[in-house]
Participant: 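The following block contains the structure, expressed as structure tokens.
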Amino acid sequence: MAHTFDGLGDIVGNGFCIGCGLCRALAPSAAIEMREAPNGHLRPEPRRPIPAAEEAAILALCPGINVTGPFGGGGDLDPVWGKVRRVVRGHAADPDIRFRAASGGLMTAVSQFLLGSGRVAGVLQVAADLDDALASRPVLSRTPQQVLAAAGSRYGTSASLATLLEVIALGEPIAVALKPCDVAAVRNLQRQDARARGLVVFTMAMFCGTVPGLAASDEFLARRGLSRDEVAEFRWRGHGCPGPTYARTRDGREFTGAYEEFWVDHPWTTQFRCKICPDAIGLQADLAVGDAWPGGWPAAFPGEVDPGSPSGTAAGQEFGEDKGFNLAVAHTEIGAAVLAAAEAAGDVVLEESDIAALRDCQPHHVDLRRLLAARLAAARLAGLPAPNFSNLGLEAAAAGVDPDLLGANFAGTLKRLRAGHGDEPATADYAG
Ligand SMILES: Cc1cc2nc3c(=O)[nH]c(=O)nc-3n(C[C@H](O)[C@H](O)[C@H](O)COP(=O)(O)OP(=O)(O)OC[C@H]3O[C@@H](n4cnc5c(N)ncnc54)[C@H](O)[C@@H]3O)c2cc1C
Ligand code: SF4
Ligand code: SF4
């Protein structure tokens, strides 16, 4: 029988940590610091021994090893997308939000609506660190301006939940607008903690292909002769859709690069946990939001995305800009109600969409959900501790997948694990 994780070191050492920072909050006695590891991802470093009760809380709540999906209770669920109450294609009504945000600005517009309508007193998001423009820090945005300042996709590690318990201790209703694994952590806490259940009244997640290590961003700067400490502002995208990668130095010089320079033209690495992510599409969020690019790449032409690659491969594609649209899935009643109320208030512009559009625009997420059972089986066989990934419908998601592809992913994962996992090239071959 597979063994389970025995502590924080075991989670990090086996490549299951996603750097969320929740353990820092759960183990105050250990004075955990979140440090950027050589792979460009934040990792927890305890300064003092972790008391048993605090380590038990980490083992129970860490989202790296605890993810509970919506497939446990029966009902009418899509095998990939889970409980789907409404799918929309849309954008923020405000053209400035739409321009500045990552895609269409739906997450920003809905966050502002939640604040403006008095449903929440703050939105937990991430924003640029004040001392390091590439680093990210959690922020509790209390005004529309603060929400807008945190707009955009930060393609780098973020300890999004390092302040979660402090924020909940304020005793005010809040929303979270973060990654799916961050929302998994919030749900873990809510299952055990009535206060968290009562106060986190809305959860929003983006679809999340992976978080690259910050080395990719450092290299973007190095190609322009810059180092991180010279940079006052850095954007991975936004100011268009997807918009340019952008750096402004402290002395006012500006540099840009195309989306494909960051994602396609140069190698980058990711973390092992993202390769076996059981929910990168926000199955547990009230509202999950992503890009609306057919084929999964900006202005990509369907058919040019390599179907064998769960992380997607652009082969000779030309990328383009659009005006900014999101696809969004309301998974819960409150998710659907908030979408409708934001629409009625004139804050968002929506049209009905469907699961077929999700499949078309997110092929790498469909692949990952369908291939995950094979990858996790290989991880078990390779002797990794068994994570508590439950109610995720992984066997049903794998139904009908070409057995050769499942077998290739099983074998590929074993091969990767034998070669040593952790700091993975994004192109690491999990299918052979
Ligand atoms: C790491 C990452 C991977 C992604 N992968 C995909 C993908 O595979 N498919 C897809 O369709 N879309 C992906 N996106 C999402 C996409 O880039 C947009 O964020 C999404 O479409 C929402 O757009 P928006 O205009 O509504 O967001 P905005 O209105 O700009 O709001 C973005 C929100 O996300 C939060 N946020 C930004 N970066 C992070 C971070 N690193 N950690 C936690 N919260 C963060 C912000 O604080 C803000 O609340 C990814 C985003 C990120 C950050
Ligand atoms: S709680 Fe977050 S930071 Fe801590 S070990 Fe788990 S994933 Fe890593
Ligand atoms: S792929 Fe999964 S584990 Fe990785 S950052 Fe995204 S949601 Fe978190």
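Here the structure is a predicted model, which means the values were calculated and not measured. Counting convention: from 1, in listed order, for ligands and their atoms alike. All heavy atoms count here, side chains included; hydrogens, waters and symmetry mates do not.
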Participant: In the protein, what heavy atom is nearest to atom 20 (C) of ligand 1, and what distance, to one decimal place, separates them?
Facilitator: Ser103 OG, 3.7 Å
Participant: Measure from atom 8 (Fe) of ligand 3 to each N, O or S atom of Cys181 and report whether any distance is below 2.8 Å.
Facilitator: yes
Participant: Under a 4.0 angstrom heavy-atom cut-off, which atoms of ligand 3 come close to Cys277?
Facilitator: 1 (S), 2 (Fe), 3 (S), 7 (S)
Participant: How close does the nearest protein non-hydrogen atom get to atom 17 (O) of ligand 1, and which residue and atom is it?
Facilitator: Ser153 OG, 2.6 Å
Participant: Is Gly156 in contact with ligand 1, taking contact as a heavy-atom separation below 4.0 Å?
Facilitator: yes
Participant: Could you check whether any side-chain N or O of Arg369 sits under 3.5 Å from a backbone N or O of Leu392, counting only pairs where one atom can act as donor and the other as acceptor?
Facilitator: yes
Participant: Look at atom 38 (N) of ligand 1 and say which protein heavy atom is nearest, naming residue and atom and giving the distance to 0.1 Å.
Facilitator: Arg154 N, 3.0 Å
Participant: Tell me whether Arg187 is salt-bridged to Asp286, with the criterion being a basic N under 4.0 Å from an acidic carboxylate O.
Facilitator: yes
Participant: Please check if the side chain of Gln284 supplies one atom and the backbone of Pro180 the other of a donor-acceptor pair under 3.5 Å.
Facilitator: no
Participant: Looking at Arg359 and Val366, would you say the former's side chain and the latter's main chain have a donor-acceptor pair under 3.5 Å?
Facilitator: no
Participant: Restricting to distances shorter than 2.8 Å, give the number of protein N, O or S atoms close to atom 6 (Fe) of ligand 2.
Facilitator: 1
Participant: Select the closest option to atom 40 (C) of ligand 1 among Ile18, Val110, Val126, judged by heavy-atom distance.
Facilitator: Val126
Participant: Establish, from distance only, whether the side-chain atoms of Thr270 and Thr210 form a donor-acceptor pair under 3.5 Å.
Facilitator: yes
Participant: For atom 29 (O) of ligand 1, what is the nearest protein heavy atom, given as residue, atom name and distance?
Facilitator: Thr108 OG1, 2.5 Å
Participant: Using heavy-atom distances only, which candidate in Cys208, Ala184, Gly19 approaches atom 5 (S) of ligand 3 most closely?
Facilitator: Cys208
Participant: Around atom 31 (O) of ligand 1, find the nearest protein heavy atom and jot down its residue, atom name and distance.
Facilitator: Met107 CB, 3.5 Å
Participant: Would you compute the distance between atom CD1 of Ile355 and atom CG of Asp360 and round it to the nearest 0.5 angstrom?
Facilitator: 13.5 Å
Participant: Given 3.5 Å as the limit, does a donor-acceptor pair link the side chain of Asn66 with the main chain of Asn188, or not?
Facilitator: no
Participant: Using a 4.5 Å cut-off on heavy atoms from C-beta on, say whether the side chain of Asp132 contacts that of Arg228.
Facilitator: yes
Participant: Is it the side chain (CB and beyond), the backbone, both or neither of Arg237 that lies under 4.0 Å from ligand 1, heavy atoms counted?
Facilitator: side chain
Participant: Roughly how far apart are Leu221 CG and Glu219 CD, rounded to 0.5 Å?
Facilitator: 10.0 Å
Participant: What's the shortest distance from atom 5 (N) of ligand 1 to any protein heavy atom, and which residue and atom give it?
Facilitator: Gly209 N, 2.8 Å
Participant: Does Lys179 approach ligand 1 within less than 4.0 angstrom via side chain, backbone, both or neither, non-hydrogen atoms only?
Facilitator: both
Participant: Please state which part of Asp182 comes within less than 4.0 Å of ligand 1, counting heavy atoms only: side chain, backbone, both or neither.
Facilitator: side chain
Participant: Before you tell me yes or no, could you show the steps for Phe220 and Trp236 under ring pair (Phe, Tyr, Trp, His ring centres under 6.0 Å), namely the whole-Å CA-CA distance, both residues' side-chain angles and the distance that decides it to 0.1 Å?
Facilitator: CA-CA 10 Å; Phe220 176 92; Trp236 285 263; 9.5 Å; no
Participant: Could you tell me whether the side chain of Asn14 and the main chain of Phe16 form a donor-acceptor pair under 3.5 Å?
Facilitator: no
Participant: Under 3.5 Å, is there a donor-acceptor pair between the Ser103 and Arg237 side chains?
Facilitator: yes
Participant: Just wondering, is there an N, O or S atom on Cys274 that's nearer than 2.8 Å to atom 4 (Fe) of ligand 3?
Facilitator: yes
Participant: Where does Ser158 meet ligand 1, judged by heavy-atom distances below 4.0 Å: at the side chain, the backbone, both, or neither?
Facilitator: side chain
Participant: Within this structure, what is the CG-CG distance for the pair Leu327 and Asp291, rounded to the nearest 0.5 Å?
Facilitator: 8.5 Å
Participant: Give the residue, atom name and distance (to 0.1 Å) of the protein heavy atom nearest atom 13 (C) of ligand 1.
Facilitator: Phe207 O, 2.8 Å
Participant: One residue to check: Thr210. Relative to ligand 1, which of side chain, backbone, both or neither has a non-hydrogen atom less than 4.0 Å away?
Facilitator: backbone
Participant: At a non-hydrogen distance cut-off of under 4.0 Å, which region of Tyr155 contacts ligand 1 (side chain, backbone, both, or neither)?
Facilitator: side chain
Participant: Just how far is it from atom NE2 of His41 to atom CZ of Arg273, taken to the nearest 0.5 Å?
Facilitator: 12.5 Å
Participant: Can you tell me which residue and heavy atom of the protein come closest to atom 49 (O) of ligand 1, and the distance to 0.1 Å?
Facilitator: Gln125 NE2, 2.9 Å
Participant: Provide the number and element of each atom of ligand 3 under 4.0 Å from a heavy atom of Arg273.
Facilitator: 3 (S)
Participant: Just jot down the ligand 1 atoms closer than 4.0 angstrom to any heavy atom of His365, in number order.
Facilitator: 7 (C), 8 (O), 9 (N)
Participant: Could you list which atoms of ligand 3 come closer than 4.0 Å to a heavy atom of Val211?
Facilitator: 5 (S)
Participant: Applying a 4.0 Å heavy-atom criterion (strictly less than), which segment of Met204 is in contact with ligand 1: side chain, backbone, both, or neither?
Facilitator: neither
Participant: Around Arg370, counting heavy atoms of other residues, nucleotides and ligands shown, do more than 12 lie under 6.0 Å from its CZ?
Facilitator: yes
Participant: List every atom of ligand 1 that sits less than 4.0 Å from any heavy atom of Gln362, numbering the atoms from 1 in the order shown and giving each element.
Facilitator: 9 (N), 10 (C), 11 (O)
